Structure formats: structure tokens, C-alpha cells
Amino acid sequence: MFKYSAKLACVVALVLSGCGGAPEQQPPSETETLESSEQGLIWACDGRRSFNRYWTVNGVEVGREYCDCDGTLTEFGTLSGRYSQTLNFYCN
């Protein structure tokens, strides 16, 4: 009986963890189109924050992006694969 309850609890936890609701929609002017499964999480370079974004493929960095408070996005390398973002600071 305990094994059945444990299995059922695991199945319920897996189903619930996959249900995060619909992603927040951005206005068309702020939508970025990238070929990434994490597209809804990527920050737009719109002058609200300064950040760095690092792109990797198989654990090797292949590209970088730097966003400044004036909305300037500087890109280096290949912008594909997985990414991580680091916030430098929020802009005034």
C-alpha cells in the first residue's frame, strides 16, 4: 500500500510541476524571436536593466551579449544554444 501511495504522490508532483500556466505576453515591440526553449524568459534590451547574456553549446561558450541602459545590445560570437543571464544593475 505504501509503494502505491508513494508512486501516486510522485506522479501527481510531476504533473503539477509541469503546469506553470501560460507565459506572460509581452507587447509586440518587446518580443524577441530566438530559437530557444527558454524564449519566454529571455530579457529584452529595452533600457530597464543592464545585463550580460552568455550562450553555450555543450558547456562551451559560443557567444555573448551586453545590454546597456541606453538600449544598446552588443553581440559577440554565435547566439544559439543555451544561455544564462546576469543582471549588472537596474537603470534609472
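Every value quoted in this text rests on a predicted model; they were computed, and no experiment measured them. In what follows, residues are counted from 1 in the order of the sequence shown.
Panel note: side chain S50, backbone C67; a donor-acceptor pair is recorded below 3.5 Å. The closest donor-acceptor contact from the side chain of R82 to the backbone of N58 lies at 3.5 Å or more, if one exists at all. Using modelled atom types, no side-chain atom of Q85 and backbone atom of N52 make a donor-acceptor pair closer than 3.5 Å.
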Inset, instruction - Show the numbers, then the answer: is there a side-chain contact (heavy atoms from CB on, under 4.5 Å) between Y90 and R48? - result: CA-CA 6 Å; Y90 287 100; R48 287 191 256 174; 5.8 Å; no

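The hydrophobic cluster of V60 has no other members, since no ILVMFWY side-chain heavy atom comes under 4.5 Å of it.
Pairing each heavy atom of G59 with each of T56, the nearest pair is C-CB, 4.4 Å. Scanning all heavy atoms of the two residues, the minimum distance from F89 to C69 falls at CE1-SG, 3.5 Å.
For the atom pair L79 CG and E65 CD, the distance stands at 4.5 Å (nearest 0.5 Å). Atom-to-atom distance recorded for N88:CG and R49:CZ is 11.5 Å, nearest 0.5 angstrom.
In this view, E61 and R64 satisfy the salt bridge (charged side-chain N to carboxylate O under 4.0 Å, His left out) rule, not counting sequence neighbours. By the side chain to side chain donor-acceptor pair (under 3.5 Å) test, D68 is found to be paired with no residue, residues two or more places apart in sequence or in another chain being considered. Qualifying ring pair (Phe, Tyr, Trp, His ring centres under 6.0 Å) partners for Y54, counting only residues two or more places apart in sequence or in other chains: none. In this structure D70 satisfies the side chain to side chain donor-acceptor pair (under 3.5 Å) test together with T72, sequence neighbours excluded.
The cluster map of Ile, Leu, Val, Met, Phe, Trp and Tyr, joined by side-chain heavy atoms under 4.5 Å apart, puts I42 and V62 in the same cluster.
Aromatic ring centroids of F76 and Y66 lie under 6.0 Å apart.
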